[in-house]
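Notes follow once the structure below has been shown.
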Amino acid sequence: MAQSPVTPKVLRYRDAATYLGISHGRLRNLVSEGRGPASVTYGKRDRAFPIAALDAFIDQRTTGYQPATPEPVTVKRRPGRPRKTEQRSQKQMAHWTAVMMALFMTYLLWAYGFLGLATGFMTN
């Protein structure tokens, strides 16, 4: 009585990565990005890859090869300290704002002072 050898229909992460010829971490990254081969889960953490899905993944990657155009990666960052050029322009803007306010106040004082003198001369 000879026993027939059992061939697995699914492979775990390390075996699937070896089958694909990539590293274990690269396979995990592809799966987490949603670009990896189809997988089967047996629980919360157990994930296996059917050999047919691995073969389809290889065929998908090799047939009709076109160089992928990288999509621009947008990284959301918190606003940091302004650059020196931005600091300079902000200082210049603050300076000219203060100058314009001083000129406007001088104009108002001159206009009201002049009107006050003119009305004072008229009432006398």
Side-chain angles (χ1 to χ4, degrees):
M1 234 171 128
Q3 291 183 350
S4 64
V6 176
T7 57
K9 294 199 182 240
V10 294
L11 297 175
R12 300 285 181 190
Y13 264 106
R14 292 203 186 274
D15 297 329
T18 304
Y19 186 83
L20 292 174
I22 59 176
S23 70
H24 168 72
R26 176 72 177 138
L27 180 59
R28 283 200 185 273
N29 288 342
L30 286 171
V31 170
S32 70
E33 292 171 359
R35 301 182 335 178
S39 61
V40 178
T41 58
Y42 297 111
K44 208 173 196 181
R45 297 183 185 193
D46 292 336
R47 183 179 299 260
F49 301 92
I51 293 176
L54 295 174
D55 290 334
F57 180 73
I58 292 171
D59 290 340
Q60 175 190 5
R61 295 291 189 150
T62 55
T63 57
Y65 172 75
Q66 293 177 353
T69 56
E71 296 180 15
V73 178
T74 56
V75 178
K76 294 182 180 180
R77 295 184 178 165
R78 296 185 318 194
R81 188 175 74 200
R83 298 177 184 220
K84 287 186 179 182
T85 56
E86 294 171 0
Q87 287 177 345
R88 248 185 256 133
S89 65
Q90 288 174 355
K91 285 181 182 178
Q92 289 173 349
M93 181 62 81
H95 168 75
W96 286 112
T97 304
V99 168
M100 294 304 291
M101 290 297 292
L103 287 174
F104 182 69
M105 295 300 287
T106 305
Y107 169 75
L108 286 178
L109 289 174
W110 174 80
Y112 284 121
F114 180 74
L115 290 175
L117 288 175
T119 53
F121 284 123
M122 290 182 172
T123 54
N124 285 339

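Side chains are part of it too, since the values below use all heavy atoms of this structure and drop only hydrogens, waters and symmetry mates. Along the sequence shown, the residues carry numbers beginning at 1.
- Once rounded to the nearest 0.5 Å, the distance linking CD of Q92 with OG1 of T97 reads 11.0 Å.
- In this structure, I51 CD1 and L11 CG are separated by 4.5 Å, a value rounded to the nearest 0.5 Å.
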Please report the C-alpha distance between R47 and V31 in whole Å, then the side-chain angles of each, then the deciding distance to 0.1 Å, and finally whether the side chain to side chain contact (heavy atoms under 4.5 Å, CB included) criterion is met. CA-CA 10 Å; R47 183 179 299 260; V31 170; 3.9 Å; yes
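- M100 and M93 fall into different hydrophobic clusters, where Ile, Leu, Val, Met, Phe, Trp and Tyr side chains are chained together by heavy-atom contacts under 4.5 Å.
- Separation of atoms CG (D55) and OH (Y19) is listed at 3.5 Å; rounding is to 0.5 Å.
- Taking OG1 from T18 and OH from Y13, the interatomic distance works out to 14.0 Å, rounded to the nearest 0.5 Å.
- Counting non-hydrogen atoms of neighbouring residues, nucleotides and ligands closer than 6.0 angstrom, the CZ atom of R12 exceeds 12 such neighbours.
- Scanning both residues, P50 and A38, for their nearest heavy atoms gives CD-O, 3.7 Å.
- Across every non-hydrogen atom of R35 and F57, the tightest pair is O-CE1, 3.3 Å.
- Taking every heavy atom of both residues into account, L27 and P37 meet most closely at CD1-CD, 3.9 Å.
- Between A16 and L54 the shortest heavy-atom distance is CB-CD1, 3.9 Å.
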